[in-house]
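Protein chains get the first letters and strands the later ones, always in sequence-line order, with residue 1 at the start of each. Just so it is clear, the structure is predicted and the values come from calculations on it, not from any experiment.
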Amino acid sequence: MHDIRAIRTDPAAFDAAMARRGLPAVSAGIMVLDVERRSASTALQEKQARRNALAKEIGQGKRSGADTAALEAEATALRGDMESLEQRVPELDAGIKRILESLPNVLDSSVPDGPDETANVVLKLSGEPAAFAFAPKQHFELGEALGMMDFATASKLAGARFTVLRGPLARMERALGQFMLDHHTIERGYLETIVPSLVNEATAYGTGNLPKFEEDLFKTTDGRYLIPTAEVPLTNTVAGDIVAEKALPMRLTALTDCYRSEAGSAGRDTRGMLRQHQFRKVEMVCIAHPDRSADEHEWMTRSGEMILEKLGLPYRRVLLCAGDTGFASTRTHDLEVWLPGQGMYREISSCSNCKDFQARRMNARYRGGADGKAVAFVHTLNASGVAVGRALIAVMENYQQEDGSIVVPEVLRPYMGGMAVIARG
RNA sequence: GGAUGGGUGGCCGAGCGGUUUAAGGCAGCGGUCUUGAAAACCGCCGUGCGUGUAAGCGCACCGUGAGUUCGAAUCUCACCCCAUCCGCCA
């Protein structure tokens with residue numbers, strides 16, 4: 001959500017910011033509504049002030065036994081005058097809100113221009129893709145051959161874009177989640193949190209998933225939404241709150257299932273478990289002081305990178321360009337992991353600084369500043385730390401051996417009872 | 001699902017048609033006193049919008065939305081949420 005005052009102050013800058021997102025200029029239209037709204041609001045307030053004064057006079061008159069009939073007549077007439085304004089002001093408010101809430105966040109100046117992912121910038125490369133003495137297989141070939149990854153049964157149970165895992169592969173998915181949570185909580189200061197997987201409309205609105213992206217979510221029969229990521233409940237834990245400045249930064253992490261309708265992605269990544277309606281993810285969220293959010297963005301991105309480094313997976317850090325940066329974000333780093341079976345880097349984490357965009361939607365503030373009393377919006381950030389299902393894929397493809405078995409990365413072995421290799425049993 | 005209570009500022013809590021400009025307390029901030037601290041005492045202390053160069057002024061907000069009234073935190077209706085008990089259940 002945008003601050004109307006910022007648009008009022010510099011409409012051209014706002015239009016330029018939206019232009020970077022490929023959107024037409026809207027400030028002129030907003031300003032027309034804003035001017036009318038303020039004049040209508042002022043007119044209404046003057047009438048309300050008069051009404052309040054009359055009511056007070058009538059009250060005093062009644063107590064002292066004076067005749068208040070003339071005053072009451074004026075107040076009754078005034079009420080008629082106010083009706084149209086009382087309707088118009090909220091209408092204008094709603095009209096402005098409808099426009100503002102549909103517009104994406106203003107990009108950080110460091111974000112490169114560009115229409116889509118082809119304009120993203122690789123910021124760093126980590127690890128060397130291993131040279132295989134054989135043709136590396138894709139994860140679903142490996143998993144099905146091991147008898148531990150079953151798409152046919154998942155399809156029978158639920159339809160396309162679901163997976164059944166069994167045995168050591170199921171255990172490795174569990175191990176990955178535990179390992180990631182332990183890393184973030186013990187080494188990086190994140191607070192482990194268990195959150196609802198169903199949220200109400202206000203919560204989905206707060207992070208920017210509603211109203212514009214409702215078709216991406218699964219909605220329940222009682223009007224709730226299955227979370228597409230733990231970012232939604234974690235960030236909204238401070239919705240409506242005024243937190244103490246010393247409580248910042250609040251670093252939170254959660255391992256949850258994530259549910260996405262994948263509307264509009266028909267035909268993409270249909271083989272295997274890369275793109276599913278349900279997948280597990282460790283999420284990090286930070287509620288940060290505005291002065292510190294850029295540093296926290298780096299801290300979170302590093303927290304995700306360290307997971308991949310500990311797992312021995314080659315990856316690169318990518319700065320998303322204007323056209324590829326999400327609705328609520330000002331700047332996003334993607335971590336892309338090397339998948340030898342695909343011969344490509346694929347997204348495994350996304351780390352965004354939303355600054356005050358979500359905070360404004362959910363009215364999340366802190367009290368502090370120089371005088372210790374000022375109230376201002378917090379900054380919110382979120383990052384995958386990392387997608388568990390995709391981490392499983394990456395481990396399988398990078399640690400595969402010619403016979404189709406998979407070496408278990410050292411850091412996961414304590415979580416798997418010491419198992420060193422996953423092989424057909 | 002049924003029954004009964006409840007939703008008031010950062011927190012607790014009074015108020016149930018008009019001196020409420022929302023009492024009082026806690027927390028917080030400033031001060032007096034003190035070597036320092038504590039205690040005590042004094043003062044300040046909700047959010048948003050509008051308007052003004054500013055000091056300020058105005059309006060709205062007591063879960064949400066409608067309604068009654070000259071006037072609503074207070075009365076009416078609907079809805080939402082929370083708590084407790086019963087029923088069912090992991």
For the P atoms, the ones on B:G67 and on B:A72, what distance do you get once it is rounded to whole angstrom? 13 Å

Taking the six-membered ring of A:Tyr205 as reference, does the cationic atom of A:Arg361 (NZ for Lys, CZ for Arg) lie under 6.0 Å from its centre and within 45° of its axis? yes

Can you check the distance between B:G43 and B:C26, where both ends of the measurement are the P atom (answer in whole Å)? 14 Å

Say you pick atom P in B:A40 and the same atom in B:A3; how far apart are they, in whole Å? 50 Å

May I ask you to evaluate whether A:Arg51 reaches the phosphate of B:A60, defined as a side-chain N or O under 4.0 Å from OP1 or OP2? yes

Measure CD/A:Glu83 against P/B:A66 and give the value in whole Å, please. 13 Å

Looking at the side chain of A:Ala55, which of B:C49, B:C70, B:C59 is the nearest nucleotide? B:C70

Between B:G58 (P) and A:Leu54 (CG): distance, integer Å: 15 Å

is_close_aromatic(A:Phe357, A:His379), centroid dist under 6.0 Å: no

Taking the side chain of A:Thr42 as its heavy atoms from C-beta onward, which of B:G48, B:G10, B:G50 lies nearest to it? B:G50

Which value, in whole Å, describes the distance between the C1' atoms of nucleotides B:C61 and B:G9? 11 Å

Does the structure show a Watson-Crick or G-U wobble partner for B:G17, both distances under 3.5 Å? Name it, or say none. none

Rounded to whole Å, how long is the line connecting atom CZ of A:Arg360 with atom P of B:G48? 11 Å

In whole angstrom, give the distance that lies between atom CD1 of A:Ile4 and atom P of B:G48. 17 Å

With a cut-off of less than 4.0 Å, is there a side-chain N or O of A:Arg79 near OP1 or OP2 of B:C70? yes

In terms of ring plane angle, is the pair A:Tyr190 and A:His184 parallel, tilted or perpendicular, where the classes change at 30° and 60°? perpendicular

B:A72 - base-pair partner by Watson-Crick or wobble geometry, distances under 3.5 Å: none

Value in whole Å for how far the P atom of B:G18 lies from CG of A:Leu71: 19 Å

Separation of the P atoms in B:G13 and B:U21, to the nearest angstrom: 25 Å

Which label fits A:His277 and A:Phe162: parallel for a plane angle under 30°, tilted from 30 to 60°, or perpendicular past 60°? tilted

Can you tell me the distance, in whole Å, between the CD1 atom of A:Ile58 and the C1' atom of B:U19? 17 Å

Given the P atoms of B:U74 and B:U64, what is the spacing between them in whole Å? 11 Å

Base-pairing mate for B:G7 - Watson-Crick or G-U, with both contacts under 3.5 Å: B:C80

In the structure shown, which nucleotide is the Watson-Crick or G-U wobble counterpart of B:C49, with both distances under 3.5 Å? B:G58

Per A:Arg5 side chain, nearest of listed nucleotides B:A60, B:C49, B:G18: B:C49

Separation of A:Glu245 atom CD from B:G28 atom P, in whole Å? 16 Å

For B:U53 and B:G46, measure between their C1' atoms and round to the nearest Å. 27 Å

How long is the straight-line distance from CZ of A:Phe327 back to SG of A:Cys354, given to the nearest 0.5 Å? 10.5 Å

May I ask you to evaluate whether A:Arg50 reaches the phosphate of B:C59, defined as a side-chain N or O under 4.0 Å from OP1 or OP2? no

OP1 or OP2 of B:C59 under 4.0 Å from side-chain N/O of A:Asn52: yes

From the set B:C70, B:C49, B:A60, return the single nucleotide nearest to any side-chain atom of A:Gln48. B:A60

First locate atom OG1 of A:Thr203, then atom CG of A:Asn236, and finally report the distance between them rounded to the nearest 0.5 Å. 4.5 Å

Within the 4.0 Å heavy-atom criterion, would you say A:Ser41 contacts the bases, only the backbone, or no part of the nucleic acid? nothing

Closer than 4.0 Å, any side-chain N/O of A:Arg38 to the OP1 or OP2 of B:G58? no

Counting only Watson-Crick or G-U wobble pairs whose two distances fall under 3.5 Å, which nucleotide matches B:A37? none

For the pair made of CD1 in A:Ile242 and P in B:G28, what is the distance, rounded to whole Å? 17 Å

Any-strand Watson-Crick or G-U partner of B:G24, both distances under 3.5 Å: B:C12

Calculate, to the nearest 0.5 Å, the distance between atoms OG1 and CG belonging to A:Thr153 and A:Leu165 respectively. 11.5 Å

Scanning all shown strands, the Watson-Crick or wobble mate of B:G1 with both distances under 3.5 Å is B:C86

Could you check A:Thr76 against A:Arg224 and say which one's nearest nucleotide on RNA chain B is further toward the 5' end? A:Thr76

